[in-house]
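Here the structure is laid out as structure tokens; the discussion comes afterwards.
For the numbers below, each heavy atom of this structure counts, side chains included, while hydrogens, waters and symmetry mates do not.
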Amino acid sequence: MARIAGVNIPTGKRVPIALTYIHGIGHFMAEKICTETGIDVTRRVNELSDAEVLKIREFIDENITVEGDLRRERAVDIKRLMDLGCYRGLRHRRGLPVRGQRTHTNARTRKGPAKPIAGKKK
């Protein structure tokens with residue numbers, strides 16, 4: 001099992017699909033990694049040699065922010081918005097949608113399950 005950026009990537013899958021298991025690498029970036037390192041996109045992870053896995057690992061370490069570093073960066077960015085007290089920071093603090101979505105209905109993912117209000121009958 002290949003271990004890249006602290007993640008065990010699945011061996012039976014094609015290389016670009018397996019790379020998307022790493023937080024911070026999507027389909028486009030996985031394809032780009034394969035072309036930059038010269039690895040065929042149709043090959044599977046278990047067909048890769050140790051040198052090729054090392055080449056992928058080094059490319060990711062040098063060029064892409066992934067996993068823990070990416071999570072930490074995003075948390076710091078959100079904390080900065082909250083400390084500034086800007087509108088987006090206030091929305092984060094209150095646990096409401098940040099990007100202009102309506103909250104009269106929906107927004108249940110951010111707000112959590114609906115809380116019943118006592119005495120509200122029609």
Looking at every non-hydrogen atom in both residues, tell me the closest pair between [X] and [Y] and how far apart they are.
{"X": "Ala18", "Y": "Val45", "result": "CB-CG2, 3.5 Å"}
{"X": "Arg3", "Y": "Asn8", "result": "NH1-OD1, 3.0 Å"}
{"X": "Gly12", "Y": "Asn46", "result": "CA-ND2, 4.4 Å"}
{"X": "Thr103", "Y": "Lys111", "result": "O-NZ, 3.2 Å"}
{"X": "Val53", "Y": "Leu48", "result": "CG2-CB, 4.0 Å"}
{"X": "Val41", "Y": "Cys34", "result": "CG1-CB, 3.9 Å"}

Assess whether side chain to side chain contact (heavy atoms under 4.5 Å, CB included) is satisfied between Arg110 and Val98, documenting all intermediate values.
CA-CA 9 Å; Arg110 283 291 290 189; Val98 177; 4.3 Å; yes
Between [X] and [Y], is there a shared hydrophobic cluster once you connect ILVMFWY residues whose side-chain heavy atoms come closer than 4.5 Å?
{"X": "Ile56", "Y": "Val7", "result": "yes"}
{"X": "Ile22", "Y": "Phe59", "result": "yes"}
{"X": "Leu70", "Y": "Ile33", "result": "no"}
{"X": "Tyr21", "Y": "Ile60", "result": "no"}

Spacing of Arg72 atom CZ and Thr65 atom OG1 [to the nearest 0.5 Å]:
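The distance works out to 11.0 Å.
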Can you tell me how far CG of Asn63 sits from CD of Glu58, rounded to the nearest 0.5 angstrom?
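Spacing of CD (Glu58) from CG (Asn63) equals 11.0 Å.
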For Arg74, does the CZ atom sit with more than 12 other heavy atoms under 6.0 Å from it, leaving out its own atoms?
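No.
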Would one find more than 12 heavy atoms of other residues, nucleotides or ligands at under 6.0 Å from atom CZ of Arg94?
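Result for CZ/Arg94: open.
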Evaluate the side chain to side chain contact (heavy atoms under 4.5 Å, CB included) criterion for residues Asn106 and Gln101: first the C-alpha distance (whole Å), next the side-chain angles of each, then the deciding distance (0.1 Å), finally the verdict.
CA-CA 9 Å; Asn106 299 333; Gln101 297 91 333; over 6 Å; no
Could you check Arg44 against Val15 for side chain to side chain contact (heavy atoms under 4.5 Å, CB included), going step by step and ending with a plain yes or no?
CA-CA 5 Å; Arg44 303 203 176 265; Val15 176; over 6 Å; no
Please confirm whether the backbone N or O of His23 pairs with a side-chain atom of Glu67, one donor and one acceptor, at under 3.5 Å?
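Side chain of Glu67 to backbone of His23: a pair is present.
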Counting distance only, does the side-chain N/O of Glu52 pair as donor-acceptor with the main-chain N or O of Ser49 below 3.5 Å?
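Between the backbone of Ser49 and the side chain of Glu52 there is a qualifying donor-acceptor contact (under 3.5 Å).
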Side-chain donor-acceptor pairs under 3.5 Å in residues 82-92, sequence neighbours left out?
from	atom 1	to	atom 2	distance (Å)
Asp83	OD2	Lys79	NZ	3.1
Arg91	NE	Pro97	O	3.0

Listed once per pair and sorted, the side chain to side chain donor-acceptor pair (under 3.5 Å) pairs that draw on residues 25-41, sequence neighbours left out:
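Side chain to side chain donor-acceptor pair (under 3.5 Å) check on residues 25-41 returns Asp40-Thr42.
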Assess the residue pair Val66 and Asp61 against the criterion (side chain to side chain contact (heavy atoms under 4.5 Å, CB included)); give the C-alpha distance rounded to whole Å, side-chain angles, the decisive distance to 0.1 Å, and a yes or no.
CA-CA 8 Å; Val66 292; Asp61 289 343; 5.8 Å; no
